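As structure tokens, the structure follows; a few thoughts come after it.
So that the names make sense, note that chain A is the first sequence line, chain B the second, and so on, each numbered from 1. Everything numeric here is computed off the predicted structure, so don't read it as measured data.
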There are 2 protein chains.
Amino acid sequence: MVEVNPQPNSGPVHAIPPVGLSIGEAARRTGLSVHTLRYYERAGLVVTPVDRTHGGRRRYHQLDLEWITICTRLRATGMPIKGIRRYAELVAAGRGNEDERLDLLEAHLDHVLAGIAELQENLKLIAHKVDIYRGRLAAGDADRLWAPRGPSSAP
Amino acid sequence: MVEVNPQPNSGPVHAIPPVGLSIGEAARRTGLSVHTLRYYERAGLVVTPVDRTHGGRRRYHQLDLEWITICTRLRATGMPIKGIRRYAELVAAGRGNEDERLDLLEAHLDHVLAGIAELQENLKLIAHKVDIYRGRLAAGDADRLWAPRGPSSAP
DNA sequence: GATTGACCTCGACCACGCTCGAAATCCTAG
DNA sequence: CTAGGATTTCGAGCGTGGTCGAGGTCAATC
């Protein structure tokens, strides 16, 4: 299937050939589905129009993959599609709005950091409950755990 | 509007009266909307049936609020509704499944911790970009920043 | 030249987690 | 007794982020 066909003039398998990659190959490399790749494009997340073959098929080049990777990082950290589109628009607009780009990224960064802090705060309660369960199960007196309208204190 | 009506025989305003709280009050205390409170109930997240007045209105007591708070913590850490329902079912089933409850919570804990780690990993790239923007903007040579099909390397 | 599989567009559909509106009921204040 | 606001149920609707399928095109292989 994935036969490596050693060609004298080509680099490692992971290098992107000058002709670019098909959408399927791009999908494998980015970890997105081809559907999602097309969706992101439709949604305006992709800065530069993706190159096409004369027959109308997408060819992904280095820069495309790099940009898409940035998109996945932003998504993975919870930035909504709209936010990424906004960022893409700024980048696409070219020089002169770097401060806005910075603002956008910084705001996102702060947002995520705040989210992590909150997450950890909420986790405390859960971890506490886990500890209680563990302790009581180990002690063998799990019967004293909370049950509906029961007497104890650890749901 | 929110007039505090000092009553001799009642404790602090934040104490829950024996008759319980209306859904509106419960909403204010939990930070959820009344819609969401009812939704959670419908969705099977609430372990014990919420008490009702003879006229059919919900009355929330201490335990209800505590349980709902747990639900919000689980939600806030990304546990899906189904997961919380599962947990609620276990608790509702009473004694004998404490190990399952523990498994569920531990799995969630691990899941969230892994998520945080991944989040922080992804944030690195973003923070890196922020640094680059900051550095270049400070240096006043923002023109060298990435633009569509531009020469530089920092989108 | 025919087949085969990857790719194309377009619009519909899905899962999730709420959110809302209508119409009826309750209950408290005047 | 009445008016008003809070609450009830039920079902529909919404925003987000994909995911999918139909029907057609492209291109490498036999």
Side-chain angles (χ1 to χ4, degrees), chain A residues 1-3 5 7 17 19-46 49-60 64 68 71-88 108 111 115 122, chain B residues 1-3 5 7 17 19-46 49-60 64 68 71-88 108 111 115 122:
Chain A
M1 278 289 130
V2 184
E3 275 183 47
N5 195 356
Q7 296 175 355
V19 300
L21 300 177
S22 73
I23 195 174
E25 289 161 333
R28 272 192 290 96
R29 297 211 191 186
T30 58
L32 299 172
S33 72
V34 296
H35 289 298
T36 303
L37 278 175
R38 289 193 280 246
Y39 165 65
Y40 279 6
E41 201 178 322
R42 256 188 293 160
L45 302 198
V46 184
V50 175
D51 189 22
R52 302 276 183 140
T53 67
H54 86 91
R57 281 143 187 240
R58 292 172 180 82
R59 303 307 316 195
Y60 290 85
D64 299 314
I68 289 166
C71 291
T72 63
R73 295 292 191 267
L74 291 172
R75 278 298 299 129
T77 53
M79 181 178 286
I81 297 291
K82 280 181 185 173
I84 305 179
R85 176 164 56 225
R86 174 81 187 126
Y87 183 48
H108 179 58
H111 180 73
N122 288 322
Chain B
M1 274 284 132
V2 184
E3 274 182 47
N5 194 357
Q7 295 175 355
V19 301
L21 301 177
S22 74
I23 194 172
E25 291 161 331
R28 272 192 290 94
R29 299 211 189 185
T30 58
L32 299 173
S33 74
V34 296
H35 290 299
T36 303
L37 278 175
R38 289 193 279 248
Y39 166 66
Y40 278 7
E41 202 177 321
R42 255 188 293 161
L45 303 197
V46 184
V50 175
D51 189 23
R52 302 278 182 140
T53 67
H54 86 86
R57 291 165 173 220
R58 293 172 180 82
R59 303 307 315 191
Y60 290 84
D64 298 315
I68 289 166
C71 291
T72 63
R73 296 290 189 271
L74 291 172
R75 278 297 300 130
T77 53
M79 182 179 287
I81 297 291
K82 280 181 185 172
I84 304 179
R85 176 164 56 224
R86 174 79 187 127
Y87 183 47
H108 179 58
H111 180 73
N122 288 322

B:T72 meets the side-chain hydrogen bond (donor to acceptor under 3.5 Å, both in side chains) criterion, sequence neighbours left out, with none

Residue set satisfying side-chain hydrogen bond (donor to acceptor under 3.5 Å, both in side chains) with A:R73, at least two apart, ordered chain then number -> B:N122

When rounded to whole Å, the CD1 to P distance for the pair A:I68 and D:dG18 reads 13 Å

Nearest-nucleotide check on DNA chain C, B:T53 vs B:R75; residue mapping nearer the 5' end is B:R75

Exercise. Any side-chain heavy-atom pair from A:Y60 and A:L37 closer than 4.5 angstrom?
Worked result: yes

Quick note, A:I81 side chain, CB onward, closest among C:dC27, D:dG17, C:dG17 is D:dG17

From CE of A:M79 across to P of D:dG17 the rounded distance in Å is 11 Å

**Asked** When you check the phosphate oxygens OP1 and OP2 of C:dC27, does a side-chain N or O of B:H54 lie under 4.0 Å from one of them?
**Response** yes

Rounded to whole Å, CG of B:L45 lies from P of C:dC16 at a distance of 13 Å

For A:R59 and A:V50, the nearest pair of non-hydrogen atoms, with its separation, is O-CG1, 3.6 Å

When every non-hydrogen atom of A:A88 is compared with those of A:G44, the smallest separation belongs to CB-O, 3.8 Å

Between CG of A:L21 and C1' of C:dC7 the distance, given in whole Å, is 15 Å

Heavy atoms of A:A27 and A:S33 approach each other most closely as CB-C, 4.1 Å

Sorted by chain and residue number, the salt bridge (charged side-chain N to carboxylate O under 4.0 Å, His left out) partners of A:R58 (sequence neighbours excluded) come out as A:E41

Taken to the nearest whole Å, NZ/A:K82 to P/D:dG17 is 9 Å

To the nearest angstrom, the OH-C1' distance between A:Y40 and D:dG18 comes to 8 Å

The side-chain hydrogen bond (donor to acceptor under 3.5 Å, both in side chains) partners of A:S22 (sequence neighbours excluded) come to A:E25

Between OH of A:Y39 and P of D:dT16 the distance, given in whole Å, is 9 Å

*Tell me, with the steps shown, if A:Y40 and A:I81 meet side chain to side chain contact (heavy atoms under 4.5 Å, CB included).*
CA-CA 8 Å; A:Y40 279 6; A:I81 297 291; 4.0 Å; yes

Atom pairs, N/O to N/O, protein against nucleotides 7-11 of chain D, distance under 3.5 Å?
unit_1: D:dT7; atom_1: OP1; unit_2: B:S22; atom_2: OG; d: 2.9
unit_1: D:dT7; atom_1: OP1; unit_2: B:G24; atom_2: N; d: 3.3
unit_1: D:dT7; atom_1: O4'; unit_2: B:R57; atom_2: NH1; d: 3.4
unit_1: D:dT8; atom_1: OP1; unit_2: B:R58; atom_2: N; d: 2.8
unit_1: D:dT8; atom_1: OP1; unit_2: B:R58; atom_2: NH1; d: 3.0
unit_1: D:dT8; atom_1: OP2; unit_2: B:R38; atom_2: NH1; d: 2.5
unit_1: D:dT8; atom_1: OP2; unit_2: B:R58; atom_2: NH1; d: 3.2
unit_1: D:dT8; atom_1: O5'; unit_2: B:R58; atom_2: NH1; d: 3.4
unit_1: D:dT8; atom_1: O3'; unit_2: B:R52; atom_2: NH1; d: 3.4
unit_1: D:dT9; atom_1: OP1; unit_2: B:R52; atom_2: NH1; d: 3.2
unit_1: D:dT9; atom_1: OP1; unit_2: B:R52; atom_2: NH2; d: 3.1
unit_1: D:dT9; atom_1: OP2; unit_2: B:R58; atom_2: NH1; d: 3.1
unit_1: D:dT9; atom_1: OP2; unit_2: B:R58; atom_2: NH2; d: 2.7

One would report the end-axis bend of the helix from C:dG1-D:dC30 to C:dG30-D:dC1, five pairs per end and rounded to 10 degrees, as 10°

B:T36 has its side chain closest, among D:dG17, C:dC27, C:dT19, to C:dT19

Between NE2 of A:H35 and P of D:dA22 the distance, given in whole Å, is 12 Å

